[in-house]
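Here's the structure we're looking at; comments come further down.
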Amino acid sequence: MSAPVVTIDGPSGAGKGTVARLLASQLGFHLLDSGALYRILGYSALARGLSTDDVPALVELANALTVTFPFTVNNTDVCVDGVSIAGSLRNQAVAEAASQLAVYPPVRQALLDLQRRMRRAPGLVGDGRDLGTVVFPEAQVKIFLDADVEVRATRRYQELIEAGQTVELSAILRDLEIRDIRDRTRDVAPLVAASDARVIDSSKKTPAEVVAEVSEYCRAKGIG
Ligand code: C5P
């Protein structure tokens, strides 16, 4: 039998990354931060001066990627070809580029195998937009984590400030709204809750509370 999968989808800033990391650590499962893959492509495209609509070049880049997440609970590292680049991925320009190139089906297809190969024993916790609908439609546990857009913008703002960046809350709110619309309305793999996903609103919950709720749900489904 293949390894169990827990998917956590939802919009930016809903807390998916934190919850996925804590849950993966609790379960002893591998972690897939699928947004990081789209950001890596965005970052690489910007670094090479490629346009985010140069689909053949982006597919070529995606096919050459070797990505690992050498994570612990407190480590959000991402390595490409063994080199840590996590620090370069968390900024607005990279997020915007990621969201732009994510609308193209051949680009998404090129990242699909990479994501599916990360399913290994004893199991995988993955977060993104389409993990429960497209990447792992057979996942044992599917969560759709949502939150009010103002709450999400404030969280992202605090994250970036803590990372030493100079940002404005109003600009982050606007960027999130633009990305939300693009993610929700694209033709392929739009951001939508899977019909069999458990929907959780994290607006008034701490990460620990969300993790406790998800853990309980996982146990009810025979995981953990
Ligand atoms: O989750 P994160 O904000 O890091 O994702 C960056 C962008 O990558 C998203 O705005 C979205 O457009 C894209 N993405 C996606 N599918 C995923 C994960 C991320 O389209 N599974």
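Atoms within each ligand, like the ligands themselves, are counted from 1 in listed order.
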Revision key, fill the gap. At under 4.0 Å between heavy atoms, what of Arg179 touches ligand 1? The answer is side chain
Check your understanding: Side chain of Lys142, backbone of Leu131: donor and acceptor closer than 3.5 Å?
Key -> no
Exercise for review: Among Ile172, Asp180, Leu173, find the residue that satisfies the side chain to side chain contact (heavy atoms under 4.5 Å, CB included) test when tested with Arg152.
Suggested key: Asp180
Review point. Among protein heavy atoms, which lies nearest atom 8 (O) of ligand 1, and at what distance?
Key: Tyr38 CB, 3.4 Å
Exercise for review: Any atoms of ligand 1 less than 4.0 Å from a non-hydrogen atom of Gly35? List them with their elements.
Suggested key: 1 (O), 2 (P), 4 (O), 5 (O), 18 (C), 19 (C)
Review point. In terms of residue, atom name and distance, what is the protein heavy atom nearest to atom 12 (O) of ligand 1?
Key: Asp183 OD1, 2.6 Å
Point to revise | Arg155 side chain vs Gly13 backbone, donor-acceptor pair below 3.5 Å | key: yes
Practice item. Among Leu191, Ile8, Thr7, find the one that has a side chain to side chain contact (heavy atoms under 4.5 Å, CB included) with Phe144. Key: Leu191
Point to revise | Closest approach of any protein heavy atom to atom 18 (C) of ligand 1, naming residue and atom | key: Ser34 OG, 3.4 Å
Review point. Can you check whether Gln115 has an N/O within less than 3.5 Å of an N/O in ligand 1?
Key: no
Exercise for review: Measure across Leu58 and Ser51 and return the closest heavy-atom pair with its distance rounded to 0.1 Å.
Suggested key: CD1-O, 4.2 Å
**Study point:** Flag, side chain of Arg108 to backbone of Ala102, donor-acceptor distance under 3.5 Å
**Key:** yes
Review point. Where the side chain of Arg116 meets the backbone of Val135, is there a donor-acceptor pair that is under 3.5 Å apart?
Key: yes
Check your understanding: Going through the checks in order, is the salt bridge (Lys or Arg N to Asp or Glu O under 4.0 Å) test met by Glu216 and Arg198?
Key -> CA-CA 12 Å; Glu216 198 185 314; Arg198 162 95 164 235; over 6 Å; no
Review point. Heavy-atom contact under 4.0 Å between Arg186 and ligand 1?
Key: yes
Review point. For atom 4 (O) of ligand 1, which protein heavy atom lies nearest, and how many Å away is it?
Key: Arg39 NE, 2.5 Å
Review point. Counting each atom of ligand 1 from 1 as listed, which ones have a heavy atom of Ser12 under 4.0 Å away?
Key: 3 (O)
Exercise for review: Looking only at protein heavy atoms, identify the closest one to atom 1 (O) of ligand 1 and say how far it is in Å.
Suggested key: Arg129 NH1, 2.9 Å
Point to revise | ligand 1 contact on Ala102 by region, counting heavy-atom pairs under 4.0 Å | key: side chain
Exercise for review: Out of Lys16, Glu96, Arg108, indicate the one that has the non-hydrogen atom closest to atom 16 (N) of ligand 1.
Suggested key: Arg108
